[in-house]
Every structure is written in structure tokens, then in C-alpha cells.
There are 2 protein chains.
Amino acid sequence: MGENDRRKVSNPLGLAVLGLLAESPAHPHAIAAALRERGMDRVFKLTTGSLYDVVRALERAGWIEAGETVRVGARPERTVYRHTALGRKEFVRWVDELIRVPAEEYPKFLSAVSYLGILGPEGAVAALRERAGRVRAAREETLGLHREMLESGEVPRLFLVEVEYSARMQEAELGWIEEIVGDIEAGRLSWPDQVAGTGRTVAGDQ
Amino acid sequence: MGENDRRKVSNPLGLAVLGLLAESPAHPHAIAAALRERGMDRVFKLTTGSLYDVVRALERAGWIEAGETVRVGARPERTVYRHTALGRKEFVRWVDELIRVPAEEYPKFLSAVSYLGILGPEGAVAALRERAGRVRAAREETLGLHREMLESGEVPRLFLVEVEYSARMQEAELGWIEEIVGDIEAGRLSWPDQVAGTGRTVAGDQ
DNA sequence: ATCCAAATACTCGGATCCGAGTGATTGGAG
DNA sequence: CTCCAATCACTCGGATCCGAGTATTTGGAT
């Protein structure tokens, strides 16, 4: 997909799987459960369908391998996977590359902001205010979780850096929103006519 | 895909198409050309394949409609699309919603940061430094474009807010990276043993 | 002892995405 | 006048994604 995608497995979920299998072998369902328990599903989009696809892809690539397929009781058998030496190496490579070279991403908010004009000054302010509220709430939650984890003493800070990053980005967004709302309300961001829809064009001159 | 995706057309590229057709009718190829010219391909992931799919989806949804299919010379005929009344209404709705309610997104960097530990202190610092360099360059470019556009007097600031937002987020990321690098180098972010791979485990005691 | 909700473990097929191809046409160099 | 590169305009099929469904089993309340 991205242009840097001659990589064998592209779905980031693969990274999570690799990360987990590096600790100990597991079968897909157990992987999903563990990831959810650790709140990794805030970082990776985790759906059952994709999980099984990704696991298969990792196996094809030789980064993990199937061990025995165990059957407990008469439930569907579970195929237990473990990471390979290659898998562990590629895991590190992958993380390294994702950090070194920024991927172009296309956040939905960015696309919407590109058309902010169409909401008109009041509409824009209203929508931005609502978003700000929601982002603030989300940030509160993020921060709460972070403090809780840290204070429990169970989780070293190193394993929480991604939470710190998230919070930071949320704060930046919040800051920007507040600023732009301020600009709009103070009339520092002029609204060309023609724009701003809902039918009633702002009726300029000529 | 996201859970708020009972929406008829989900690909944000549809927003761009709607935005363009709101100005004047056009055929897909022209739409692509126009979007690229305006640098919208930094905001929307634009590929020919998806474009034609999205246009078809928008038509199915009744947000745009095909007009005449014109043939200039003997080239493949071009199907010219124009927006419908419904389309214009939905466009506004869509922008409004994208702004009001933050979509959960899964930036690749975030997933990588979750496993920063595995690079070891020096590896992490090196990778983060390289990223910082690249992000700084990208930000420089973003900012340059912004100034250029503004000073040309052709484009009102309202149409550049998304560039300002982008730059802001890049700065936030940069800030966070610098801070974390500082923390690592000052030893303020301790590295539990066991972590940090490449085979040579940091050889603790016992 | 019985029943239902939750957990276990996955499969399947539709929807979407997207890059690589296809083939015609125009512009301009020589 | 001829030829090639660039542009025009799109199609196609493989890869991926993902939610809804399937089927079993355990645990606990009644």
C-alpha cells in the first residue's frame, strides 16, 4: 500500500503479533486476548479477521511458525505459533524503520479541516468546540491510565512512552483548535464569500 | 471500516471528489489532475484505482451523477460527473462529522514507539534522531509552501488551515522526540534488562 | 439437574484498495 | 513528414481487510 511497501507483511498488527510471540508461543485467539488485556488495541487496529490473515502472512514470510495443534476438550483445535530467529530479527528491523522514516499518513481530521470553510464561521466554531471537548475527554482518560499504570509500579515508564506520545499529540491538537477558534471569533481568519454552503450562499456583492 | 462506518462512502478521497465537483463538473482523470495540482494529494491518498472506485461509489449513493460521456478526438470517452443536491448536503454533513467526532486512528509511528525498548538505549536514540531530521525537513517544506501560498496573495488563509495544522503536529512530534531523546541520554528513562534485542541481551546479573 | 450467558476458536465471503497494465493520441524534435 | 515521449483515460485482478456468522464448551445462577 504505502510506497515503502515491498515489505512482506504490511499490517502493523503483525508487529504486535511478533511482539507477543517473542515472549512466548500462543495461538491466535490467545494473542488477541493478551493484546486486548494490555490495551494494545488502542495502538493497533485489532479485528479477528485481520488477525488470522496476518498470522498466515507472517507464517508465509517465515517470521513465525506453527507448532503443534492442540485440542483441549472437543473445542476447535488451536494452532500454536512461535516466532523464528528470522522473525525476531525482522521485528527489530521493522520497528527501527518505522521510527527512522516517517510514513505518510492521511488522518481523517486533516481532510476535514481542508474543507473547514464550508461550515461557515459559526458552524466551524461549533464543530471544533465539540471536537475539543471529546479530545479533552480522551486525553483525560489517556493520562489517567498512564498515571495509574505508573503508580502501580508494575509497568516501567519505558513501556508507556507511546501513551506519553499520544497525550502529547492530543494536547497539540487541542492547542491548535483553541487557537483557530480564537482566530475565527476575533475575525482574524476572514471568510471569503462564495464559500460556506448549506445552500444559502453568503450573498456577496455584484 | 471504522465503527462509525455505516456511511455510504467511507474513503476520504470521496470528500475530495465531492469538493471538486462542487466547483464544476469533471471527469475522473481531470479530478485527479486538479487535486494533484492543488497539492491535495498530501491530504488524501490518491491512486487511480481508488479514484474510479470512489467515483462509482459516490454515484451509487446518489451524491454525484454522470452527465454526458464526451469524446474528444477518438480517445476513450470521458464520463463527466457533476454533484447532486444530495451530494452537496452530504458533503457538509461529512465534513461536520469528521470534525466533531475524532476517529480512532492508528499511526504507524505509534505502533513502533510501543516497542521502542527493543532497540536498546543507543539504538532508540539513533533511530529517533534520524526521524527528527526527516520530520524537520518535511516541516520546513510544509512551512515554505505555506508562506509562499500566503504571500502570493492568491490563496486566502482559510484554505491553508490544514497546512498550519500539519505543521503544528509535526512540531509537537519533534518536541516529544527531543524530550524523550534527552531523557534517554540523561538516564532519566531506565531500560529494564530482558528488553533490547538483536540477540545480545544486555547481560544483567544472576 | 438444567439452562443461559459468556468465553473459546475460528471461517467465510463481500467490500475495498490499489498498482500495474492497456491502448490511443497529441506535440514537438529532427 | 516521421517517430517517440508524454499525456490521456481508464480497466483489471490480486491482495487485503474485516465484520458477521458458526459451533462448541465452560461456569454459574436457579
Side-chain angles (χ1 to χ4, degrees), chain A residues 1-17 25-37 41 44-61 66-81 103-106 108, chain B residues 1-17 25-37 41 44-61 66-81 103-106 108:
Chain A
M1 297 114 182
E3 67 221 354
N4 49 354
D5 239 346
R6 201 57 59 228
R7 167 160 260 109
K8 309 224 64 174
V9 182
S10 63
N11 192 332
L13 184 53
L15 203 65
V17 172
H27 55 109
H29 186 79
I31 294 173
L35 289 178
R36 290 219 174 81
E37 208 185 55
D41 55 344
F44 300 93
K45 168 131 214 180
L46 174 55
T47 58
T48 38
S50 300
L51 179 62
Y52 286 87
D53 285 344
V54 160
V55 164
R56 230 169 282 136
L58 287 171
E59 194 187 8
R60 257 202 328 271
E68 356 73 80
T69 68
V70 190
R71 161 174 307 231
V72 175
R75 294 194 221 140
E77 7 175 80
R78 340 172 275 183
T79 308
V80 177
Y81 293 88
E104 333 82 351
E105 303 202 69
Y106 304 89
K108 305 247 174 89
Chain B
M1 292 109 200
E3 67 223 356
N4 49 356
D5 239 347
R6 203 58 58 230
R7 167 160 260 107
K8 310 225 61 176
V9 182
S10 62
N11 192 330
L13 184 53
L15 204 65
V17 171
H27 54 109
H29 186 80
I31 293 173
L35 289 178
R36 291 218 174 82
E37 208 185 53
D41 54 345
F44 300 94
K45 167 131 214 180
L46 174 55
T47 58
T48 37
S50 301
L51 179 61
Y52 285 87
D53 284 345
V54 159
V55 165
R56 231 169 282 136
L58 287 171
E59 195 187 8
R60 259 202 327 271
E68 355 75 80
T69 68
V70 191
R71 161 175 304 230
V72 176
R75 292 193 222 139
E77 7 177 79
R78 338 172 276 183
T79 308
V80 178
Y81 294 88
E104 334 80 352
E105 304 201 71
Y106 304 88
K108 306 246 174 89

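A quick note: this is a predicted structure, and the numbers were derived from the prediction, not measured.
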Point-to-point distance, once rounded to the nearest 0.5 Å, from NZ of K8(A) to CZ of R60(A): 8.0 Å

Just the rounded figure in Å: distance from P of dC17(D) to CG of L58(A). 11 Å

Taking CG from D53(A) and P from dG14(C), how many angstroms apart are they, rounded to a whole number? 15 Å

In whole angstrom, give the distance that lies between atom NE2 of H27(A) and atom P of dA7(C). 15 Å

Atom-to-atom span, CG of L51(A) to P of dA9(C) - whole angstrom: 13 Å

Out of dC10(C), dC17(D), dC8(D), which nucleotide sits closest to the side chain of S50(A)? dC17(D)

Closest approach to the side chain of T79(A), judged atom by atom: which nucleotide of dC10(C), dT16(C), dC8(D) is it? dC10(C)

Rounded off to whole Å, could you give me the OH-to-P distance for the Y52(B) and dG21(C) pair? 18 Å

Rounded distance [0.5 Å steps], CG in L51(A) versus CG in L35(A): 7.5 Å

Can you tell me the distance, in whole Å, between the CG atom of L13(A) and the P atom of dA15(D)? 20 Å

Nearest 0.5 Å, please: how far is NE2 in H29(A) from OG1 in T48(A)? 10.0 Å

Taking the nucleotide of DNA chain D with the closest heavy atom to each, which residue, V54(A) or T48(A), is nearer the 5' end? V54(A)

Among the candidates dA9(C), dG19(C), dC18(D), find the nucleotide nearest to the side-chain atoms of R78(A). dA9(C)

Regarding the side chain of R56(B), the nearest nucleotide among dT11(D), dG19(D), dT16(C) is dT11(D)

Give a yes/no answer on whether the side chain of H29(B) brings an N or O atom under 4.0 Å of OP1 or OP2 in dC8(D). yes

Please state how far atom CG in N11(A) lies from atom P in dC18(D), giving the value in whole angstrom units. 7 Å

Testing dC18(C), dT8(C), dC18(D) for proximity to the side chain of K45(B), the answer is dC18(C)

Could you give the CZ-to-C1' distance, from R36(B) to dA6(D), as a whole number of Å? 15 Å

Rounded to the nearest 0.5 Å, how far does CG of L15(B) lie from NZ of K108(A)? 11.0 Å

Looking at every non-hydrogen atom in both residues, tell me the closest pair between K45(B) and L13(B) and how far apart they are. O-CD2, 3.9 Å

